Amino acid sequence: MSSCKTLIRTSLSTLGLKFHSFPQKPFYSLAFSPPVQGPLCPYNVRSKQYSTVHAAISVESSNNSNSLVDDDDEESSKDNVEKLLTNRDDVMHFMKMERRCTMGESRGSSSKKERWFPYLDRYKCGDDVYLSSGEVVEAVGPHLMEERKERFVRVARNRSYSVCLVVEGLRDFGNVSAAFRSADALGVQSVHVVSCDSSKRYRENRHVSMGAEKWLDIELWDTPQECFEVLRSRGYQIATTHVGMDAVSIYDMDWSCPTAIVVGNENRGISNEALQLSDLHCSIPMNGMVDSFNVSVAAGILMHHAVCDRVSRLGGHGDLTSDENQILLAEFSLRHSKSAISITHEYAKRKAATLMPKL
């Protein structure tokens, strides 16, 4: 036995020496590779050393002085989000293009009920100074990177107001954040928050949303009745999620009709008031031992199925007209950064100067 132990120790020590004899691979820091000399490298790329990924992005972005950088700095964004969910006036100020208040503010005098779109084709730049969406895009466009402009176009093309999300009485703001992120990813532009607990700190969970709230239209309401009345005036049917005998499977619903999806509190679910005021109850069929999803997961599943159903019925989810698409592009351009607002106001001043009659 002792000779066996000696043999094992000898073998392990020999194995260790073999491992240590391997040549050590160099550690590569985050940097651009130096250019290869010769005909295979037509671009003269300079190598830069960065300590972090954020530093690399920051330096590279700042080198393009003609491009607006998305000012999504962490602290200001956190403060902004906290205000969004606790103050209705701040939410309205966050949206830039002028908004229609009711369906009555219709573009044209037709009595036919229109599909809801919230924005007017004008942006106020001061006292009695307005710019159209086309002028906003013209003003800000030259200062945006091409990749950003292409992304705005692609996102706006796949946005819709025909499906909106309502979150009622959620206490975990991490769930609110996750619902925002899913809405943005799936092209659901309109999100409504009913009676959130403002005593909780939303900023602690801001990373969950990944900044999605910046690109959504968020409206705050004190009661389900107040929220539902406005949504009905905009042409939506109200579908509350509820596990009950009268609940309709989400797979049996026609999501091509304008629909507001309502999800409720993490513990008690939808309030009795919201259940009574809704047009229908819907549920996600469950095949496991548990009978419910996490509320943010349920919201994601509902919106994803709604989008898929609309694609199968209509050929696509995004349904904005060309005019509405351009207005939303202008809205995205204005939300992009604080500099975009300044640039737009300077553009308006130059426009007013050219229109001023010469003495």
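What you are looking at is a predicted structure, and each value in this text was computed from that prediction instead of being measured.
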With side chain to side chain contact (heavy atoms under 4.5 Å, CB included) as the test, would you mind laying out the steps for Tyr119 and Asp217 before giving the verdict? CA-CA 11 Å; Tyr119 294 106; Asp217 294 356; 2.8 Å; yes
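- In this structure, the side chains of Val307 and Val163 stay at 4.5 Å or more apart for every pair of heavy atoms.
- Under the ring pair (Phe, Tyr, Trp, His ring centres under 6.0 Å) criterion, the residue pairs touching residues 272-302 are His242-His281, with sequence neighbours excluded.
- Taking Glu273 as the reference, nothing meets the side chain to side chain donor-acceptor pair (under 3.5 Å) condition, with sequence neighbours excluded.
- In this structure, Val194 and Val167 have side chains that are not in contact, with every pair of non-hydrogen atoms separated by 4.5 Å or more.
- Using a cutoff of 4.0 Å between basic side-chain nitrogens and carboxylate oxygens, Glu229 and Arg234 are not scored as salt-bridged.
- Here Ile238 contributes atom CD1 and Leu275 contributes atom CG; the two are 12.5 Å apart, rounded to the nearest 0.5 Å.
- Among residue pairs with one or both ends in residues 155-167, those qualifying as salt bridge (Lys or Arg N to Asp or Glu O under 4.0 Å) are Arg159-Asp184; sequence neighbours excluded.
- Taken from CD in Glu324 to CZ in Phe117, the straight-line distance is 5.0 Å, to the nearest 0.5 Å.
- Contact of the Lys124 side chain with the Val129 side chain is not registered, since no non-hydrogen atoms from C-beta on lie closer than 4.5 Å.
- Residues passing the salt bridge (Lys or Arg N to Asp or Glu O under 4.0 Å) test with Asp319, sequence neighbours excluded: Arg310.
- Ile301 and Val243 sit in two unconnected hydrophobic clusters of ILVMFWY residues. Membership requires side-chain heavy atoms under 4.5 Å apart, directly or through other members.
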Verdict with reasoning, Gln237 to Leu280, per side chain to side chain contact (heavy atoms under 4.5 Å, CB included): CA-CA 8 Å; Gln237 66 174 346; Leu280 62 98; 3.4 Å; yes
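- The distance from atom SG of Cys282 to atom OH of Tyr251, rounded to the nearest 0.5 Å, is 11.5 Å.
- Counting heavy atoms from C-beta outward, Phe180 and Val191 have side chains that approach closer than 4.5 Å.
- Under the ring pair (Phe, Tyr, Trp, His ring centres under 6.0 Å) criterion, the residue pairs touching residues 310-335 are Phe152-Phe332, Trp215-Phe332, with sequence neighbours excluded.
- Side-chain contact check for Arg335 versus Met95: some heavy-atom pair is nearer than 4.5 Å.
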Pairs under 3.5 angstrom only: tabulate donor-acceptor contacts from the side chains of residues 135-142 to other protein residues two or more places apart or in another chain.
unit_1	atom_1	unit_2	atom_2	d
Glu135	OE1	Ser132	N	2.9
Glu135	OE1	Ser132	OG	3.4
Glu135	OE1	Lys351	NZ	3.2
Glu135	OE2	Lys351	NZ	3.0
Glu138	OE1	Tyr347	OH	3.2

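- The heavy-atom pair separating Ser283 from Ala247 by the smallest distance is OG-CB, 3.9 Å.
- Taking CD of Glu219 as the start and OG of Ser190 as the end, the distance is 5.5 Å to the nearest 0.5 Å.
- The salt bridge (Lys or Arg N to Asp or Glu O under 4.0 Å) check on Glu168 picks up nothing, with sequence neighbours excluded.
- Under the salt bridge (Lys or Arg N to Asp or Glu O under 4.0 Å) criterion, the residue pairs touching residues 240-261 are Asp254-Arg313, with sequence neighbours excluded.
- Checking Asp279 against Tyr236 by side-chain atom types alone, no donor-acceptor pair falls below 3.5 Å.
- Residues Cys125 and Thr344 meet the side-chain proximity criterion, which asks for heavy atoms closer than 4.5 Å.
- The shortest heavy-atom contact between Ala274 and Thr240 is O-CG2, 3.8 Å.
- In this structure a side-chain-to-backbone donor-acceptor pair under 3.5 Å is missing from Asn158 to Gly187.
- In terms of heavy atoms, Arg268 sits closest to Gly169 at NH2-CA, 4.4 Å.
- The OG atom of Ser133 sits 11.0 Å away from atom CG of Leu120, with the distance rounded to the nearest 0.5 Å.
- Annotation: side chain to side chain donor-acceptor pair (under 3.5 Å) contacts of Glu98 (sequence neighbours excluded): Arg122.
- Partners of Glu346 according to the salt bridge (Lys or Arg N to Asp or Glu O under 4.0 Å) rule, which considers only residues two or more places apart in sequence or in another chain, are Lys349.
- Looking at heavy atoms from C-beta onward, Cys164 lies in side-chain contact with Leu231 at the 4.5 angstrom threshold.
- Considering CG of Asn265 and CG of Leu170, their distance stands at 6.5 Å, rounded to 0.5 Å.
- Linking ILVMFWY side-chain heavy atoms closer than 4.5 Å, directly or via other members, places Met303 and Met286 in a single hydrophobic cluster.
- Taking the side chain as every heavy atom from C-beta outward, Ile270 and Thr241 approach each other to under 4.5 Å.
- Among all heavy-atom pairs drawn from Leu165 and Ala179, the shortest one is CD2-CB, 3.9 Å.
- Among all heavy-atom pairs drawn from Ser296 and Ala178, the shortest one is CB-CB, 3.7 Å.
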Begin from the C-alpha positions of Val166 and Val263 and carry the test side chain to side chain contact (heavy atoms under 4.5 Å, CB included) through to its verdict. CA-CA 6 Å; Val166 181; Val263 296; over 6 Å; no
Given Tyr161 and Leu320, is the side chain to side chain contact (heavy atoms under 4.5 Å, CB included) satisfied, shown in steps? CA-CA 8 Å; Tyr161 287 88; Leu320 302 183; 4.0 Å; yes
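- Hydrophobic clustering places Val311 together with Leu186 (ILVMFWY residues linked when any side-chain heavy atoms are closer than 4.5 Å, directly or through intermediates).
- Checked by atom type and distance alone, the side chain of Glu226 never pairs as donor or acceptor with a backbone atom of Trp221 at under 3.5 Å.
- Legend: residues meeting side chain to side chain donor-acceptor pair (under 3.5 Å) with His345, ordered by chain and number and at least two apart, are Tyr123.
- Both Val153 and Leu328 belong to a single network of hydrophobic side chains, linked directly or stepwise wherever heavy atoms of I, L, V, M, F, W or Y lie under 4.5 Å apart.
- Judged as a side chain to side chain donor-acceptor pair (under 3.5 Å), and not counting sequence neighbours, Glu147 has no contacts.
- Criterion: ILVMFWY side-chain heavy atoms under 4.5 Å apart, direct or through other members. Under it, Tyr130 and Ile327 are not part of a common hydrophobic cluster.
- Between Ile250 and Pro285, the closest heavy-atom pair is CG1-CD, 4.4 Å.
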